[in-house]
Amino acid sequence: DAEIEEGPPPPLLSEATEDVPSEDDTSLAAAREKAEPEVPEHRPGPWDHVTHAQPSEAAAPRPDPMPEPKRERRPWVRSAITSLAQSLGAGEGDWETRIGQNWLNIIGIIILVVGLVLLIQQSLLMVPPLGKIVIGAAFASVLMVAGSYLQRRERYRVFAYTLIGGGWGLLYFTAFAAYNVEAAKIIDNEYVAMVVLLAVAAGIIAQSFRYSRQSVTALAYGLAFLALHLSPISFYSLIATAVLAATIPFVVRRTDWRQLGVIIAVATYATHARWLWATQLATDNEASTLVLGGLQAPQAFWGNIGVLTLYWVVFCATAIAHKPGDQRARTLDLATSLINTVGLVGLVAWQLETYLPGNLHYIAPPAIVAYVATAIVDGRMERPVLSKLNGSIATILFTVAMPAAIYAEGLAWDWLSPYWALGAFVIWAIARRLDADLYRFQSYALTGLSVLASVIVNLEPTSSAQGWLFL
């Protein structure tokens with residue numbers, strides 16, 4: 001009773017009939033008023049869907065979302081050109097900036113080096129051979145010293161790198177000309193000349209490690225190869241090319257510049273092809289003295305085979321000189337291996353057909369052994385793509401070796417079917433051991449060839465030659 005007396009008086013009958021909000025409803029309504037802004041009361045009319053916007057949209061409009069940046073889809077050709085331009089030092093500016101800051105520098109240094117190369121080769125009465133070598137070495141030193149000084153400033157760094165690369169390229173040609181160019185010859189000992197070339201090549205490697213700029217190193221190598229193309233053709237040209245190529249595995253292993261390995265592989269085999277085209281392994285004594293540096297054709301032939309073998313070893317090492325890397329890196333390694341194979345097999349076959357026609361099958365056994373060994377090494381170094389590539393090349397060489405030998409030596413075609421059957425069994429055993437579908441497919445293909453040869457050659461001995469020539 002006391003509590004009833006102390007509380008508020010009971011409501012009247014008229015007040016009791018009205019809806020009284022509870023305490024929870026009051027607190028919920030207060031929270032909503034704080035959360036939502038005050039909006040003037042609006043009573044919907046019959047034409048609101050035409051003449052009026054929604055109050056909430058008019059009061060608090062939402063900002064438009066930021067559009068996602070559209071990715072520019074460039075064709076693969078343009079992307080490749082852009083990547084190459086950036087690797088050579090081109091920036092991200094417009095074309096005027098790229099041409100002014102990068103390409104004009106490169107064009108200018110190429111013109112300067114080519115002019116000096118041609119000057120050194122000229123027979124000038126006023127300038128003795130020693131003077132020409134001094135001029136070449138002096139210009140090269142000035143370019144490298146100026147580039148080393150200017151590269152300290154960010155504003156002149158691109159120009160400085162161009163000077164450094166041009167200086168090393170010119171210095172390599174000067175060392176080459178000191179023995180090989182008659183108008184500038186000051187070295188008579190071929191071993192001394194080789195030591196000088198190796199010293200300059202070591203300098204190119206050192207500067208690539210120091211500056212860590214692929215553009216500088218690529219320009220130095222490119223100008224050196226260009227100078228070799230502009231110089232007189234001799235067997236020493238191949239030696240100079242081999243020295244340049246032999247430095248690539250060290251550079252690629254240290255810097256991971258795989259694009260440089262691909263470019264140098266193309267330049268190396270192109271230089272060798274030009275030499276082979278110019279000499280044709282001349283058998284005439286006078287021509288041999290002129291273009292082969294005094295070497296007779298047999299000596300030049302085996303020396304050429306040795307140089308090509310060195311190329312192959314060098315670029316095989318270049319492809320595996322670093323970690324496997326991502327998909328792009330594996331693609332570049334694959335490109336280096338393909339160029340290496342095409343260059344080796346193509347130039348060796350060309351030379352054999354020029355000097356020893358009808359003996360192509362003799363290169364098959366050592367080449368098969370070399371490619372099988374390379375496939376094993378690639379597999380152990382966790383490079384499955386290169387391993388399968390080299391293994392497939394060995395299979396192709398094995399397949400074509402016996403028909404070439406039978407055709408050249410006049411052997412019986414009856415040996416062809418068992419030869420292919422034996423090869424199919426060996427490849428099938430390898431495929432089973434490695435669980436490789438590619439080798440399994442190759443074994444099936446060789447089996448089919450063996451059956452076909454058995455049907456055409458062995459079952460019809462009277463028309464075996466005609467049947468094979470038809471194939």
Side-chain angles (χ1 to χ4, degrees), residues 81 84-91 93-124 126-127 129 131-151 153 155-178 180-184 197 200-201 203-204 207-208 211 213-233 237 240-241 244 259-260 263-264 266-268 270-271 274-275 278:
I81 294 175
L84 178 61
Q86 292 176 359
S87 66
L88 292 177
D94 53 11
W95 280 107
E96 291 80 0
T97 304
R98 295 182 184 181
I99 293 174
Q101 292 184 353
N102 303 284
W103 298 111
L104 288 182
N105 295 333
I106 296 175
I107 294 173
I109 199 65
I110 290 175
I111 294 174
L112 176 62
V113 171
V114 169
L116 291 172
V117 167
L118 297 178
L119 175 64
I120 292 174
Q121 297 182 53
Q122 296 300 319
S123 299
L124 302 178
M126 300 297 296
V127 183
K132 296 176 182 178
I133 297 300
V134 170
I135 291 174
F139 268 96
S141 301
V142 169
L143 290 176
M144 288 186 289
V145 171
S148 300
Y149 176 77
L150 292 176
Q151 63 90 23
R153 302 182 180 182
R155 182 178 181 181
Y156 304 107
R157 189 157 294 173
V158 175
F159 177 65
Y161 289 148
T162 305
L163 295 180
I164 294 172
W168 279 109
L170 179 59
L171 185 61
Y172 190 83
F173 171 76
T174 304
F176 168 78
N180 190 67
V181 178
E182 190 65 30
L197 272 183
V200 179
I204 295 177
Q207 66 87 21
S208 66
Y211 297 108
R213 295 283 298 187
Q214 187 172 193
S215 59
V216 181
T217 308
L219 186 60
Y221 277 103
L223 290 175
F225 276 107
L226 178 61
L228 292 179
H229 278 273
L230 296 175
S231 62
I233 294 295
S237 303
T241 303
L244 283 177
Q259 288 181 347
L260 183 63
I263 295 172
I264 298 304
V266 174
T268 300
T271 304
R274 178 178 177 268
W275 177 87

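Hydrogens, waters and symmetry mates play no part in the numbers below; they use all other heavy atoms, side chains included.
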Which heavy atom in [X] sits nearest to a heavy atom in [Y], and how many Å separate them?
X: A240; Y: F176; value: CB-CD1, 3.7 Å
X: V200; Y: A175; value: CG2-CB, 3.9 Å
X: G147; Y: A160; value: O-CB, 3.2 Å
X: A140; Y: G167; value: CB-O, 3.4 Å
X: Q259; Y: Q214; value: CB-OE1, 3.7 Å
X: R274; Y: L228; value: NH1-O, 4.3 Å

Verify, without hydrogens or angle tests, whether Y172 (side chain) and A227 (backbone) share a donor-acceptor contact under 3.5 angstrom.
no
So do the side chains of V113 and L226 get within less than 4.5 Å of each other, counting heavy atoms only?
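Side-chain contact under 4.5 Å: no.
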How long is the gap from [atom1] on [X] to [atom2] on [Y], to the nearest 0.5 Å?
X: L170; Y: I135; atom1: CG; atom2: CD1; value: 11.0 Å
X: L260; Y: T217; atom1: CG; atom2: OG1; value: 6.5 Å
X: L219; Y: T162; atom1: CG; atom2: OG1; value: 6.5 Å
X: I109; Y: Y161; atom1: CD1; atom2: OH; value: 15.5 Å
X: L244; Y: L197; atom1: CG; atom2: CG; value: 8.0 Å
X: L112; Y: L223; atom1: CG; atom2: CG; value: 9.5 Å

The criterion is side-chain contact (heavy atoms from CB on, under 4.5 Å); which residues satisfy it with S148, sequence neighbours excluded?
I164, Y211
Quick one: do T268 and F225 satisfy side chain to side chain contact (heavy atoms under 4.5 Å, CB included)? Show the steps, please.
CA-CA 8 Å; T268 300; F225 276 107; 3.6 Å; yes
